[in-house]
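Reviewing the structure listed below.
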Amino acid sequence: MATTHEAGLAALLRLCRADEIGEAQSRGFDPDDEGQDSLFVVRWQGQLHGWRNACPHIDGAPMAWRRDAYLNAEGTRIVCHAHGAEFVPDTGLCVQGPCRGERLSRLELVVIDGELFVTS
Amino acid sequence: MKIVGLESLVFGVDDVAGASRFLVDYGLAPVGVSDRGGRFEAMDGTAVVIARQDDPALPRPPVPGCRLRKTVMGVADEATLGAIVAELRRDREVRRLADGSIESIDDSGFVIGFQLTARKPFVLAGEISNAPGGVVFRPINSLGVPPPGSVIRPRSLSHVVYFVPDVVKAEAFYVNRLGFRCTDRFTGTGPFLQPGGSLDHHTHFLIGAPPQMHGVEHFTFHFGGPSEMISNGYRFVEKGYQAFWGPGRHILGSNWFWYFNSPFGCHIEMDADMDQHDASWQPREATASADNSQAFLLKMRKKWYPGPGIHENGDYA
């Protein structure tokens with residue numbers, strides 16, 4: 001379902017238009033059509049950050065409580081809604097909860113002509 | 001002590017509207033809900049209660065970050081309430097609240113309350129299986145699978161699972177001070193606990209865990225049977241909620257399970273058909289592992305027969 005571009009050696013998978021994700025918002029994606037979102041993107045202080053949808057606490061645990069709902073109500077923390085672990089949106093560092101001190105796995109994002117891609 | 005089980009769980013949340021929608025979609029009935037929170041009841045009136053996390057009326061959580069603020073248990077009679085007061089006042093404060101209930105704290109820092117149970121008795125047959133040679137059958141022409149659009153509601157608040165830093169101490173409090181029994185145990189993990197006024201396999205399960213995990217693993221309501229519970233789970237997934245583990249059936253307790261992420265900083269389960277035990281039951285002990293906790297795990301296959309858009313041999317990937 002995802003379209004691909006060749007940029008150097010890395011293939012790019014298109015996610016959405018970059019401006020579809022507003023400040024302090026999050027959105028999940030399933031670019032490989034696995035039936036469950038494998039990554040999510042948050043916009044924090046203007047910048048987009050891509051993270052694997054896998055809490056470091058339990059290997060591979062999905063983090064949203066509802067589709068696209070990866071943040072707390074204020075939009076200031078990424079939250080794993082399995083056991084409440086909280087992460088800094090731009091560094092992925094867990095600052096509260098079971099995996100304190102561990103980090104989310106970052107995915108590299110590229111914006112080309114307003115379109116958001118993840119490198120695969 | 002005739003503690004009959006959980007009466008309500010009180011959570012402080014950062015998004016009352018989102019949490020309210022979540023609980024209604026789960027199947028609970030909103031009662032007196034506003035933008036400040038409210039009650040969400042099962043068929044017998046047991047409930048989840050939510051309030052804004054900064055509501056000064058909420059008790060303090062056991063640790064920062066834990067959204068569960070209070071676990072309220074129901075008791076059968078005033079004698080039990082009096083016995084709990086007398087027992088707990090030996091070494092801790094017990095407060096009488098304006099509604100007649102009492103409030104104290106357990107040995108793991110969880111605020112606990114006790115009240116005369118307000119559970120509303122009801123009679124409604126659970127799921128019945130038709131089996132050759134059986135004694136009880138579904139009424140002729142009634143259907144085993146809940147039809148689309150049928151109302152499915154949780155029946156009763158079932159159990160809560162705590163992560164505790166000292167599981168030996170935590171168990172001793174419920175067993176020695178409040179008369180709970182261990183029905184089964186995961187070696188090195190913790191006990192399933194049944195209070196004196198219930199036959200359910202467990203209303204509490206305690207898991208020994210590192211301090212940073214101190215809090216709640218999950219809570220759950222009983223549904224009318226596996227077909228109803230699993231149908232409700234699929235509806236929940238279709239509404240966009242995130243499944244974590246299930247549907248399947250546990251070994252200890254035999255309850256059907258399906259776990260989901262929640263806005264309460266813990267998982268929420270749907271469960272059905274839990275074993276019941278009396279004092280003659282001898283506790284089992286098992287090593288905690290996925291293999292020892294699931295009898296089986298079901299997986300939906302959406303496209304299993306050949307048809308338009310599907311490989312001629314079906315989709316068995």
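Order of the sequence lines fixes the chain letters, A, B, ..., with proteins taken first and strands second; residue numbering starts at 1 for each chain. Only this structure's heavy atoms are used, side chains among them; waters, hydrogens and symmetry mates stay out. Keep in mind the model is a prediction, meaning the values are calculated, not measured.
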Report summary line: Answer key: most heavy-atom pairs under 4.5 Å with chain B among A:H57, A:H83, A:R67 is A:H83
Query raised in the report: With a 4.5 angstrom heavy-atom cut-off, which part of B:A243 approaches chain A: side chain, backbone, both or neither?
Result: backbone
**Report entry** Aromatic plane relationship, B:W258 with B:Y234 - under 30° parallel, 30 to 60° tilted, over 60° perpendicular
**Finding:** perpendicular
Query raised in the report: Non-hydrogen atoms of chain A under 4.5 Å away: do they reach the side chain of B:V237, the backbone, both or neither?
Result: backbone
Query raised in the report: Taking atom CD1 of A:I78 and atom OH of A:Y70, what is their separation to the nearest 0.5 Å?
Result: 10.5 Å
**Report entry** Proximity breakdown for B:F236 and chain A, heavy-atom pairs closer than 4.5 Å
**Finding:** neither
Requested in this report: Measure the shortest side-chain to side-chain distance between B:W245 and B:Q294 over non-hydrogen atoms and say whether it is less than 4.5 angstrom.
Outcome: yes
Report task. Give the member of B:V13, B:D25, B:D15, B:D14 that has the highest number of heavy-atom pairs under 4.5 Å with chain A. Result -> B:D14
Query raised in the report: Is any side-chain heavy atom of B:F219 closer than 4.5 Å to a side-chain heavy atom of B:E269?
Result: no
Report summary line: From the list B:P210, B:S262, B:G65, the residue making the most non-hydrogen contacts under 4.5 Å with chain A is B:S262
Query raised in the report: B:F192 vs B:F205 aromatic rings, parallel, tilted or perpendicular, using cut-offs 30° and 60°?
Result: parallel
Query raised in the report: Tell me, side chain or backbone of B:V216 under 4.5 Å from chain A's heavy atoms, or both, or neither?
Result: backbone
Report summary line: One should read off an interatomic distance between B:N255 CG and B:M270 CE, to the nearest 0.5 angstrom, of 14.5 Å
Query raised in the report: Checking A:R43 side chain against A:A18 main chain: does a donor-acceptor pair fall under 3.5 Å?
Result: yes
Query raised in the report: Do you know which of A:A82, A:A73, A:A69 has the most heavy-atom pairs with chain B at a distance under 4.5 angstrom?
Result: A:A82
Query raised in the report: Given a strict heavy-atom distance threshold of 4.5 Å, which part of B:P263 is in contact with chain A: side chain, backbone, both, or neither?
Result: both
Query raised in the report: Hey, which of B:R67, B:M213, B:H267 has the most heavy atom pairs under 4.5 Å with chain A?
Result: B:H267
Requested in this report: Could you tell me the separation between the CZ atom of A:R100 and the CD atom of A:E86, rounded to the nearest 0.5 Å?
Outcome: 10.0 Å
**Report entry** Pick from A:P98, A:C80, A:G35 with the largest number of heavy-atom pairs that fall under 4.5 Å of chain B
**Finding:** A:P98
